[in-house]
Amino acid sequence: MRGSWPHASSTTMPELPEVETVMAGLASELTGRRLTGARLRQRQLRWPVPRDLAARVRGAQVLGMRRRGKYLLVQTDRGWLIVHLGMSGSLRLVPSVLPPGPHDHLDLLLDDGRALRFTDPRRFGCLLFSDDPWNHPLIAPLGIEPLSETFDGDALYDLSRGRRVSIKDLLMNAHLIVGIGNIYANESLFEAGIDPRLAAGRLSRRRCGLLAAAVQSVLRRAIVAGGSSIRDFVGVDGRPGYFQQGHAVYGRDGETCGSCGTLIRQMRQGGRSTYLCPHCQKR
DNA sequence: AGAACCACCTGGCAGC
DNA sequence: TGCTGCCAGGTGGTTC
């Protein structure tokens, strides 16, 4: 099975489920290990990697890992690594002697001869170091976790009052709700039967309930699908299997809706592709 | 404060 | 065949 699944796409698109999957796969491997240093090949990511990264992590013991939105937090006894995979980033555990590829920007060296290798062709990701990540300017303003107990229809209703932006743009605003990118925003709105263009503030409390449930359902299913491939991606490939799962509307322009048979439409919304079933999704 | 838009980056692909 | 140019995506920053 390892590395043998069909590659529908050569790129991953890390949203909350993938970050969760990456964390689950790495936590057991990294916790308790010591970092012996870092090799920095390309500092210019979304934010520059700290020049003194190697010095900061040398000798640090990994205490655990957390996720906040799409940010991955690695806690050590010397401080925290803050990692974002952007849209093409991946983390793999490799033998530290494995020669780096062109987009393998940095290695965190482990005390067992392996390296945690950060790869990111488009360099939208970042890797930072912080003594206090919860007050870090990238982390502190983040919104509610959609898989937390406090996220439900009422929370979504409260968040959306008075907002004139489309409900899809609201779902993707990480300062309000974290972890939902273009793919899962489209999928959640289809599942809830809501037109993505509807002004967020016009959603009824009842439909907020449907949408919150759909968001959680879509994200949980993706995590379950990704979890089954943890061993594979940690060892070799860096490509969780959930990405291969079928989407109901995303990327299916011109195909028929699996629910009613109507043709799925693609449109532009705020510079991004929106996909919807004009019959199943109502204003 | 909220909304709309831009910048960042590269691989992949359509179209000529 | 090879070139050009557009598109995909997340999100901080800028502007209005």
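So you know, we letter chains A, B, ... as the sequences are listed, proteins then strands, and number each from 1.
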Tell me the interatomic distance from A:R163, atom CZ, to B:dA3, atom P, rounded to whole angstroms.
6 Å

With respect to the phosphate group of C:dA8, does any side-chain polar atom (N or O) of A:S273 fall under 4.0 Å of OP1 or OP2?
yes

Quick check on C:dA8: is either OP1 or OP2 less than 4.0 Å from any side-chain nitrogen or oxygen of A:R268?
yes

Please state whether the phosphate of B:dC9, meaning OP1 or OP2, lies under 4.0 angstrom from any side-chain nitrogen or oxygen of A:H103.
no

Quiz item: A:R123 side-chain donor-acceptor pair to B:dT10 base, under 3.5 Å
no

May I ask you to decide whether A:R265 forms a salt bridge with A:D253, counting only side-chain N to carboxylate O separations under 4.0 Å?
no

So which one's nearest nucleotide on DNA chain B is more toward 5', A:Q42 or A:R164?
A:R164

Has A:R67 got a side-chain atom pairing as donor or acceptor with A:E20's backbone, closer than 3.5 angstrom?
no

CH2 of A:W47 versus P of B:dC8: gap in Å, rounded?
12 Å

Separation of atom CG in A:L176 from atom P in C:dT11, rounded to whole Å
13 Å

Respond yes when some side-chain nitrogen or oxygen of A:H84 is under 4.0 Å from OP1 or OP2 of C:dT11, and no when none is.
yes

Once you apply a heavy-atom cut-off of 4.0 Å, does A:L85 come out as touching a base, just sugar-phosphate, or nothing?
nothing

Is the phosphate of C:dA8 approached by A:Y275 (side-chain N or O, under 4.0 Å from OP1 or OP2)?
no

Hey, is A:R92 close enough to A:D104 for a salt bridge, meaning N to O under 4.0 Å?
yes

Please say whether the positively charged group of A:R205, taken as NZ for Lys or CZ for Arg, lies over the ring of A:Y157, i.e. under 6.0 angstrom from the six-membered ring centre and within 45 degrees of the axis.
yes

Report yes or no: do A:T36 and A:D111 form a side-chain donor-acceptor pair below 3.5 Å?
no

Give me the bend of the helix from B:dG2-C:dC16 to B:dC16-C:dG2, using the axes of the five pairs at each end, rounded to 10°.
50°

Rounded to whole Å, CG of A:L45 lies from C1' of B:dC8 at a distance of 12 Å

Evaluate the ring planes of A:F118 and A:H105, with Trp represented by its six-membered ring, and classify them as parallel (under 30°), tilted (30 to 60°) or perpendicular (over 60°).
tilted

Does C:dT11 have A:F124 stacked on its base, where the ring centres are within less than 5.5 Å and the planes differ by under 30°?
no

Residue list, ring pair (Phe, Tyr, Trp, His ring centres under 6.0 Å) with A:Y275, at least two apart or on another chain
A:Y250

Expressed as a whole number of angstroms, how long is the span from A:R122:CZ to B:dG12:C1'?
8 Å

Any side-chain N or O of A:Q266 under 4.0 Å from OP1/OP2 of C:dA8?
yes

Choosing from B:dA3, B:dC9, C:dT11, which nucleotide comes nearest the side chain of A:K70?
C:dT11

Atom CD1 of A:I82 to atom C1' of C:dT11: distance rounded to whole Å?
15 Å

Could you give the NE2-to-C1' distance, from A:H175 to C:dG12, as a whole number of Å?
7 Å

Rounded distance (Å) that lies between atom P of B:dC9 and atom CZ of A:R46
10 Å

Does either side chain, that of A:T76 or that of A:Q61, offer a donor lying less than 3.5 Å from an acceptor on the other one?
no

Please state whether the base of C:dG10 and the side chain of A:R272 form at least one donor-acceptor pair under 3.5 Å?
yes

